[in-house]
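Report on the following structure.
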Protein chains: 4
Amino acid sequence: MQSRTPASRTGRPRSAEADAAILAATRQALVELGWSKLTLGDVATRAGVAKTTLYRRWAGKNELVVDAVAELFDELELPDCGSLADDIEGVVLQFAAILDRPEAKSGLMAVVAESTLDDALRERVRTSIVQRQMRLVLEGRERAQFRGELPPEPDPEESARTVELIFDMVAGAVVHRTLVSGKQADEQWVRDFTRVLLQGLAAESGEG
Amino acid sequence: MQSRTPASRTGRPRSAEADAAILAATRQALVELGWSKLTLGDVATRAGVAKTTLYRRWAGKNELVVDAVAELFDELELPDCGSLADDIEGVVLQFAAILDRPEAKSGLMAVVAESTLDDALRERVRTSIVQRQMRLVLEGRERAQFRGELPPEPDPEESARTVELIFDMVAGAVVHRTLVSGKQADEQWVRDFTRVLLQGLAAESGEG
Amino acid sequence: MQSRTPASRTGRPRSAEADAAILAATRQALVELGWSKLTLGDVATRAGVAKTTLYRRWAGKNELVVDAVAELFDELELPDCGSLADDIEGVVLQFAAILDRPEAKSGLMAVVAESTLDDALRERVRTSIVQRQMRLVLEGRERAQFRGELPPEPDPEESARTVELIFDMVAGAVVHRTLVSGKQADEQWVRDFTRVLLQGLAAESGEG
Amino acid sequence: MQSRTPASRTGRPRSAEADAAILAATRQALVELGWSKLTLGDVATRAGVAKTTLYRRWAGKNELVVDAVAELFDELELPDCGSLADDIEGVVLQFAAILDRPEAKSGLMAVVAESTLDDALRERVRTSIVQRQMRLVLEGRERAQFRGELPPEPDPEESARTVELIFDMVAGAVVHRTLVSGKQADEQWVRDFTRVLLQGLAAESGEG
DNA sequence: TTCTAAGCGAGACGGTACGTCCGGTCTTTTG
DNA sequence: CAAAAGACCGGACGTACCGTCTCGCTTAGAA
C-alpha cells in the first residue's frame, strides 16, 4: 500500500502487525480528535509504536490518513436487489452509512482539502479511494444492461462521460447531504434522490 | 459578522479597515499556502496588523476562514436567461467558477472537515455560507413557476424536501467534480448535469 | 518627585490623589507579586487609574518602583540611646525591620540589579534612596564626637573615606543577612555586628 | 548541576556541549542586555540551540541565571600570603573583581531580588552560590588558627555565629560597595575594610 | 554459528506556530 | 485640557508538534 520498496533481502523485516495497529490507531484518533488535532506522536503512542516506525512507513499525516480512510470504503458492495433502482438505493445507503462514521467524515474531507494544493496527494486520493469504487458504477450499469433496464451504450466517449457524471452526482450528493447539510441520508432521501437520478438518466438517453 | 458586541461607547473603537485587510489577507494566504499551512501570525503580518488584533475579533483559524470564504459566494446571482435550464446552467457555472478559485477550494473543504467534530463551527458554516445561498434555489423555482415551467408546489413539506434535495445535488455534484474528480465543471459537463437534474425532477413531479 | 513639568497653568490639573494611590498600589503589588511579575497595567487597576495616567507621570516600571521604595526609608531616624553603640544598634535594627518588609526586599534589590546597566537609574537610586540616608552616619558620628566617644576627625579626605566604609559595611551586612543568608537581623546578630564594627573602627583610629 | 536525572539508559543522551554553550550564552547576554532584557529565546539563539533544549534543562530564567552566575564564583580561592590579613585582602579583592564583571552584577542581584518571593529559588541561590563559598571562611580561619593568629574556637555555637557574621560582613560590604555605592572596591578600600574587620574580631574574641 | 543490515523503542534535537500577556502608544468619549 | 477606557503594534512567553537524529537493543536471513 504505502511501501514500494522492492523487498530488501537482508535485515530485520518490518513488523506486519505495526501497520495494522497504526492504521487502526489513526482511525481511532480521527474519531476522537478529528484531523486537525490528530498528531503523529499520539497515533504512535496509541499504536504502541515509536514515532520513527511510523515515519519509516508513511511520509506524513496526509498519506497516513488517506490509507486509513481508504480501507473503510472497501467494504462497499453492490447488492443484487433485482432492479437497478433498488441496487442503487442499496449501495447509496451503504455509502451514506460509511460517510456517517466520524473517522470517514473528518478524514476524507480533510485530505480532499489538503489535496487542493498538493498534486501528489490528490492523485493518491483518487487512486486509493475514488477510482477504486468506480467499479460499483460500472458493475451496476453492466448488470442493468444485462437485465435490459438500460440500453447497451454504443458511444464509448459518451459512456465514459456519463459514468463520471453519475459518480459525481452520487458521491457529491451524499457527501453534501451528510457533511454540509448535516442531515442523515436516510431512506426517504435516498429514494427521492435515486428516482430523480434514474429518471433523469432515462430521459437523457431516450432523447440523446 | 463576527462581532456581537453591542457597541461599547467608551474607548478607542475597532478599526474597520483592519477587518477588511485581515479577510483579504486570509484569502491571499489560502491561495498561496492552503488551509493547513496558513498561520494566523502570517495572516496578521500580511494584513499589517498585530496578532492580538486578529485574536480580538476571531476565536481561531476556522472562524476566520469561514468568514473569509463566505464573502466569496455573495457574488453569486441567478441570471435571467429565459428558461429554467439556462438559468440553472448559468448559476452552476458561476458556482463552479468560484469553487475553482484556490482560496475557495482549500478553505471550504477544510472548514467542512473541521466542522464534523465542532457543532458550533458547523452551524457557522451553514449560516454564513450554505443557508445564505439557498436563496438561489428558491428564487429559481419561483421564477420557473411564474413562467409555467414548473407547476406550483402545493405540499409545503414535500416542497421543502425537494429544495433540500436540489441543493444537495447541485452543490454536491459541482464540489465533487471540482475537488475530488479534479476536473473542471465546464460547459459540457454543466449542460449534461443540468439536463439530467431537470428531467429527473420533471418526471418526479409528473408522477408524484 | 517624578514630574519636571513646570506647572502648566491651563487645563485640568493632575489629580494629587492619583500619585499617592499609584505608589501605594505599587508597594502592594510588590508585596504580592514581586518585581518581575508586577505589571503597570495591574498597578493602574489597583490604583483605580488608567494606564495612561500612570505613564504620564513615570517613564517606566523602574522609576516607579524607585519612588515607591524610597518612601519606605524616610521613616528611619537615629535614636538617642545615650551611647554610640546603642544608637547604632537602634538604627540598624530599624533598617533591618524595613528591609524585612517584602516590598522593600523585592523592590530594592531589583532596581539595584537593573541599575547595573542603566546609569540614569543608578543615579536615581543613589539620589533618592542611598544618599538620602547618609545623613544618619554623619549625624551619628557628630553626636559621638560631641559625647567624646569618637575623636574629632581632622583629615577630611580620610573622614569621607571612613564614612563611606561605614555605610558600605552597615548597609551591606544588613542586606546580606536579610536577603541572601535569609535569616533575620535580630538583636543578637545586631549586637555582635555593632560590637565588631565599633571596636574595629576604634582600633583603626587609635592606630591611624 | 540542574539535572538530578539518574541517567536514563534509553533514548538519545543529552548533549553535554549544549549545557556549556547555554551557560556561556547566558553570561554573554547578561553582559550585553542585563537581566531584565535577557530572553530565553535570545539565549537559545546565541547558544545555537533550540528553545526547547533550554527548557528541557532549566525551569526558567531564574534557575538558568543562578547556574550561569554560580560558575563565576568557583574560581575564587584563598591565596596564601603569609598572614591572615593579607589572605583576606587577597580573597576580597578577587571577590570584588568578580563582582565587578557585568554578568555577575546584573545577574546576582536580580536572582537575589527574585528569590525574596520564591523559597525554592532562594534555596538554590544559597546552595549553588553562597554556601559553596563558605569554604573560604572556614579554610581561612583554620589556617589562621594553625598559624596562631586566631585562638582555637571552643564554643561551636558561637563559632558558627561568628562565621555567619563574617560572611555577611565581607560579602555584604563588597557587594554594597560595588553595586550600590557604585565605586570600585580597590586596594585602598579593601585594606581599610580588612583592617576594621580583623581588629573588630580580635577585640571581640579578646573580650568575649 | 556468527555476522550484519535493518527494524525498533526511546527520547533529545533544531524548528515553527501557537495563543496569551505586557509594554507603550494612540484614539475615542466623558468630565 | 486631563482622565478612563480600551484598541493598537510589537515582542517575549512557555508549550506542543514537527520531522530528524542518535542511542542501545532485537531480529532473522546470509555467510
Side-chain angles (χ1 to χ4, degrees), chain A residues 5 8-15 18 36-45 48-61, chain B residues 5 8-15 17-18 36-45 47-61, chain C residues 8-15 18 36-45 47-61, chain D residues 5 8-15 17-18 36-45 47-61:
Chain A
T5 18
S8 64
R9 283 288 146 228
T10 171
R12 177 174 173 176
R14 290 190 179 168
S15 159
S36 68
K37 291 184 186 167
L38 176 152
T39 70
L40 295 199
D42 178 61
V43 168
T45 304
V49 143
K51 248 196 318 176
T52 34
T53 299
L54 207 152
Y55 277 105
R56 211 172 284 121
R57 290 159 152 89
W58 286 275
K61 184 160 151 174
Chain B
T5 13
S8 68
R9 276 296 137 224
T10 169
R12 178 174 174 175
R14 290 192 178 168
S15 159
E17 297 174 20
S36 69
K37 290 184 186 167
L38 176 153
T39 69
L40 297 198
D42 177 61
V43 168
T45 304
V49 143
K51 240 191 329 173
T52 39
T53 298
L54 208 153
Y55 278 106
R56 211 174 284 120
R57 291 162 151 87
W58 285 277
K61 185 159 149 173
Chain C
S8 62
R9 284 286 150 229
T10 167
R12 178 169 170 178
R14 288 190 179 169
S15 158
S36 69
K37 291 184 185 168
L38 176 152
T39 70
L40 296 198
D42 178 60
V43 168
T45 304
V49 143
K51 249 198 314 180
T52 33
T53 301
L54 208 154
Y55 277 106
R56 212 171 283 121
R57 291 161 152 90
W58 284 276
K61 185 160 151 174
Chain D
T5 10
S8 70
R9 276 296 137 223
T10 169
R12 177 172 172 176
R14 290 193 177 168
S15 158
E17 297 174 20
S36 68
K37 292 183 184 167
L38 176 154
T39 69
L40 296 199
D42 177 62
V43 168
T45 303
V49 143
K51 237 189 336 169
T52 39
T53 299
L54 209 152
Y55 278 105
R56 211 174 284 122
R57 290 162 153 87
W58 286 276
K61 184 160 151 173

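Below, chain A is the first sequence line, B the second, and so on; all start at residue 1.
- Across F/dA5, F/dC13, E/dG23, the shortest atom-to-atom separation from the side chain of B/Thr10 is found for F/dA5.
- Residue-to-nucleotide proximity on DNA chain F shows that, of C/Thr53 and A/Pro13, the 5′-proximal contact is made by C/Thr53.
- The distance from the CG atom of C/Leu40 to the NZ atom of C/Lys61 is 7.0 Å, given to the nearest 0.5 Å.
- Of all heavy-atom pairs spanning B/Arg57 and B/Arg14, the tightest one is NH2-CB, 3.5 Å.
- Nucleotide E/dC18 holds its C1' atom 18 Å from the CH2 atom of B/Trp58, rounded to whole Å.
- Each of A/Gly48 and C/Lys37 was matched to the nucleotide of DNA chain E holding its nearest heavy atom; the match closer to the 5' end belongs to A/Gly48.
- Remark: C1' of E/dC22 and NZ of D/Lys61 are 13 Å apart, rounded to the nearest angstrom.
- From C/Lys51, atom NZ reaches atom CG of C/Asp42 across 11.5 Å, with rounding to the nearest 0.5 Å.
- Comparing A/Ala50 and C/Gly41 against DNA chain E, the residue whose closest nucleotide sits nearer the 5' end is A/Ala50.
- Smallest separation of non-hydrogen atoms from D/Leu54 and D/Val49: N-CG1, 4.4 Å.
- In this structure, the CG atom of C/Leu40 is 5 Å from the P atom of E/dG23, given to the nearest Å.
- Here the nucleotide nearest the side chain of D/Arg12, chosen from F/dG14, F/dC21, E/dC8, is F/dC21.
- Side-chain atoms of C/Lys51 come within donor-acceptor range of the base of E/dG24, with a qualifying N/O pair under 3.5 Å.
- When heavy atoms are screened at a 4.0 angstrom cut-off, D/Thr52 is found touching base atoms of the nucleic acid.
- Comparing A/Leu38 and D/Ala59 by the nucleotide of DNA chain F whose heavy atom lies nearest to each, the residue mapping closer to the 5' end is D/Ala59.
- Closest to the side chain of C/Arg56, out of F/dC13, E/dC13, F/dA3, is F/dA3.
- Here the nucleotide nearest the side chain of A/Tyr55, chosen from F/dG19, E/dG24, E/dC18, is F/dG19.
- A straight line from CG of C/Asp42 to P of E/dG23 spans 9 Å, rounded to a whole angstrom.
- Heavy atoms of B/Gly60 sit nowhere under 4.0 angstrom from any nucleic acid atom.
- For A/Val49, the listed nucleotide lying nearest its side chain is E/dG9; candidates were E/dG9, F/dG14, E/dC18.
- Distances shown here put a side-chain N or O of B/Arg57 below 4.0 Å from the OP1 or OP2 atom of F/dC8.
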